[in-house]
Amino acid sequence: MRLQDKVAIITGSGSGIGRAAAERFSEEGAAVIIADLPNSNGGQVADGIQSNGGTARFIPVDVTKADQINELVEITIKEFGKIDIMYNNAGIAMPITPIEEVSEGFFEKMMDINMKGVFLGTQAVVPYMKEAGKGVILSTGSTSAPRPRPGLNIYCASKGAVVAFMKSMALELAPYGIRVNCINPVATNTPMVDEEQRSKFIHSIPLGRLAQPIDMANTALFLASDEASMITGVDLEVDGGRCI
Ligand SMILES: NC(=O)c1ccc[n+]([C@@H]2O[C@H](COP(=O)([O-])OP(=O)(O)OC[C@H]3O[C@@H](n4cnc5c(N)ncnc54)[C@H](O)[C@@H]3O)[C@@H](O)[C@H]2O)c1
């Protein structure tokens with residue numbers, strides 16, 4: 001068991017990549033907190049893990065709200081006693097949109113969920129991890145940070161901000177034994193990617209297929225485990241060669 005007795009919070013784990021990570025972490029012995037919007041599938045994901053013999057708890061949360069994130073962390077500490085892994089994964093995408101048509105409101109929503117959510121999730125766990133003298137913080141970036149696609153302008157910008165923030169945090173938190181890493185998925189088979197985009201994306205991936213959520217979950221598992229104890233500040237592309 002690679003995460004035996006660890007406690008992990010995973011945001012956006014009611015679906016897609018976060019769900020796969022929650023299920024994979026549970027298989028390896030972690031107690032997982034499914035942190036997702038109240039109307040998400042978070043409850044079902046937690047129930048599924050429990051019925052397979054794992055430990056999971058759904059805590060409804062909007063990652064853009066500091067009070068809700070702080071409450072998420074407080075409940076986790078109260079019920080599980082510690083937080084070993086914080087995986088800031090929740091995010092939204094956008095349709096291909098010429099920059100002239102991107103509204104200020106949508107820009108703010110994108111940055112709030114994709115970037116501010118990572119900031120709040122990181123900030124909330126750091127005091128506990130500093131006190132413990134250890135911890136792992138992961139975030140889901142995107143290949144659209146190092147290898148943008150046309151028309152995904154502010155999505156790419158939000159993920160570029162996440163990658164830079166994670167690297168900065170890796171330096172700031174290394175003296176406290178806290179490792180900080182980012183996973184950059186290529187187009188992945190989740191509800192986020194629509195049918196029209198799929199075939200277009202596949203042609204740009206040298207390995208010739210979309211990623212599966214389990215590809216990201218296995219990467220997150222490795223980075224969260226002690227096997228990666230010398231790895232911090234990495235933005236790891238899981239992309240079938242897309243960024244070459
Ligand atoms: N699917 C891809 O092709 C792809 C590629 C690169 C990066 N990513 C990133 O991976 C992450 C997960 O995406 P996915 O593909 O699993 O998508 P998904 O839509 O399947 O899951 C995203 C989850 O985030 C949750 N969420 C959205 N806003 C939230 C909020 N304000 N508070 C809490 N939870 C919220 C949703 O309810 C959903 O359960 C995202 O950060 C996304 O940008 C995805």
Side-chain angles (χ1 to χ4, degrees), residues 9-24 33-46 58-73 86-96 106 108-121 124 138-149 152 154-163 165-166 182-202 204-205 209-217 219-220 235-240 242-243:
I9 298 175
I10 308 177
T11 67
S13 45
S15 175
I17 292 169
R19 175 184 183 155
E23 292 169 351
R24 192 73 191 89
I33 313 305
I34 312 297
D36 207 314
L37 292 168
N39 63 356
S40 70
N41 288 327
Q44 285 127 280
V45 173
F58 173 47
I59 302 182
V61 66
D62 179 341
V63 297
T64 69
K65 309 282 187 230
D67 56 340
Q68 294 185 26
I69 285 280
N70 291 333
E71 200 183 338
L72 163 75
V73 167
M86 178 69 182
Y87 185 5
N88 300 297
N89 165 76
I92 56 165
M94 66 183 287
I96 289 173
F106 187 67
E108 284 167 358
K109 181 180 175 187
M110 176 67 78
M111 291 298 167
D112 262 8
I113 297 173
N114 286 13
M115 176 59 223
K116 185 179 160 194
V118 174
F119 153 65
L120 291 175
L138 300 175
S139 297
T140 306
S142 169
T143 51
S144 68
R147 189 90 200 274
R149 292 182 192 270
L152 299 182
I154 57 166
Y155 178 74
C156 299
S158 73
K159 294 301 188 177
V162 167
V163 170
F165 177 64
M166 287 288 100
C182 188
I183 295 160
N184 284 346
V186 76
T188 304
N189 186 16
T190 75
M192 187 173 274
V193 181
D194 65 34
E195 277 307 321
E196 195 191 332
Q197 288 173 313
R198 281 169 196 244
S199 56
K200 204 183 294 174
F201 287 163
I202 284 172
S204 68
I205 301 172
R209 67 166 175 90
L210 290 192
Q212 297 297 330
I214 191 68
D215 295 316
M216 306 310 148
T219 306
D235 54 326
L236 183 54
E237 282 125 25
V238 184
D239 70 345
R242 157 80 182 150
C243 290

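Both counts, for ligands and for their atoms, begin at 1 and track the order of listing. In this text, all values refer to a predicted model and were calculated from it rather than measured experimentally. All residue numbers refer to positions in the sequence shown, counting from 1.
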Say whether, by atom type as modelled, one donor and one acceptor occur between the side chain of Arg24 and the main chain of Ile214 under 3.5 angstrom. no
For ligand 1, which part of Leu210 has a heavy atom less than 4.0 Å away: the side chain, the backbone, both, or neither? neither
Scan side-chain atoms only and decide if Arg149 and Thr143 contain a donor-acceptor pair under the 3.5 Å cut-off. no
For atom 22 (C) of ligand 1, what's the nearest protein heavy atom and its distance? Gly91 O, 3.9 Å
If we only count N/O pairs under 3.5 Å, is Gly18 in contact with ligand 1? no
Can any side-chain N or O of Asn89 pair as donor or acceptor with the backbone N or O of Thr11 at less than 3.5 Å? yes
For Asp62, is there any backbone N or O sitting under 3.5 Å from a side-chain donor or acceptor partner on Gln68? yes
Counting heavy atoms only, which part of Arg19 comes closer than 4.0 Å to ligand 1: side chain, backbone, both or neither? neither
Sub-3.5 Å donor-acceptor pair from the side chain of Asp36 to the main-chain atoms of Ser40, do we have one? no
Any atoms of ligand 1 less than 4.0 Å from a non-hydrogen atom of Pro191? List them with their elements. 20 (O)
Check: Ser40 N/O within less than 3.5 Å of ligand 1 N/O: no
Can you tell me if Asn70 uses its side chain to pair, donor with acceptor, with the backbone of Ala66 under 3.5 Å? yes
Any nitrogen or oxygen of Ser15, side chain or backbone, less than 3.5 Å from one on ligand 1? yes
Short version for Val63: what comes under 4.0 Å of ligand 1, heavy atoms counted, is both
Compute whether any side-chain donor of one residue and acceptor of the other, for Tyr87 and Ser13, lie under 3.5 angstrom apart. no
N-O pairing of Lys159 and Asp235 below 4.0 Å: no
Any donor-acceptor N or O pair under 3.5 Å, side chains Thr64, Asp112: no
Does at least one non-hydrogen atom of Gly141 fall below 4.0 angstrom from an atom of ligand 1? yes
Distance filter under 4.0 Å to Gly16 heavy atoms, resulting ligand 1 atoms: 16 (O), 20 (O)
So the atoms of ligand 1 within less than 4.0 Å of a heavy atom of Tyr155 turn out to be 6 (C), 7 (C), 8 (N), 9 (C), 42 (C), 43 (O)
What's the spacing between Asp239 CG and Ser144 OG if we round to 0.5 Å? 11.5 Å
Nearest non-hydrogen atom to atom 24 (O) of ligand 1 belongs to which of Gly12, Ala93, Gly14? Gly12
Say whether Thr140 and ligand 1 are in contact under the criterion: heavy-atom distance to a ligand atom below 4.0 Å. yes
Strictly under 4.0 Å, does any heavy atom of Asn114 approach an atom of ligand 1? no
Heavy-atom donor-acceptor pair, Glu23 side chain to Ala20 backbone, under 3.5 Å: no
If you measure from atom 4 (C) of ligand 1 to every heavy atom of Lys65, Met192, Gln68, which option wins on shortest distance? Met192
Check: Gln212 main-chain N/O paired with Thr188 side-chain donor or acceptor under 3.5 Å: no
Show which atoms of ligand 1 fall inside a sub-4.0 Å distance from at least one heavy-atom site of Val193. 1 (N), 2 (C), 3 (O)
Quick one: closest heavy-atom pair of Val118 and Ser139, and the distance? CG1-OG, 3.4 Å
Looking only at side-chain N and O atoms, does Asn184 offer a donor or acceptor that is under 3.5 Å from a partner on Arg147? no
Please work out whether any backbone atom (N, CA, C, O) or any side-chain heavy atom from C-beta onward of Ile17 is under 4.0 Å from ligand 1, and answer side chain, backbone, both or neither. both
List every atom of ligand 1 that sits less than 4.0 Å from any heavy atom of Val61, numbering the atoms from 1 in the order shown and giving each element. 32 (N), 33 (C)
Residue and atom name of the nearest protein heavy atom (relative to atom 6 (C) of ligand 1), distance in Å to one decimal: Pro185 O, 3.3 Å
What atoms in ligand 1 come closer than 4.0 Å to a heavy atom of Asp62? 30 (C), 31 (N), 32 (N)
Need the ligand 1 atom indices (1-based, order shown) with element for anything under 4.0 Å from a heavy-atom of Val186. 3 (O), 5 (C)
Ligand 1-proximal atoms of Asn89, by part, heavy-atom distance under 4.0 Å: both
Which is closest to atom 3 (O) of ligand 1 in terms of heavy atoms, Val162, Thr188, Thr190? Thr188
Give the atoms of ligand 1, by number and element, whose distance to some non-hydrogen atom of Ala187 is under 4.0 Å. 3 (O)
Please determine whether side-chain contact (heavy atoms from CB on, under 4.5 Å) holds for the pair Leu138 and Asn88, giving the CA-CA distance in whole Å, both sets of side-chain angles, and the decisive distance to 0.1 Å. CA-CA 6 Å; Leu138 300 175; Asn88 300 297; over 6 Å; no
among protein heavy atoms, the one nearest atom 34 (N) of ligand 1 is Asp36 OD1, 3.4 Å
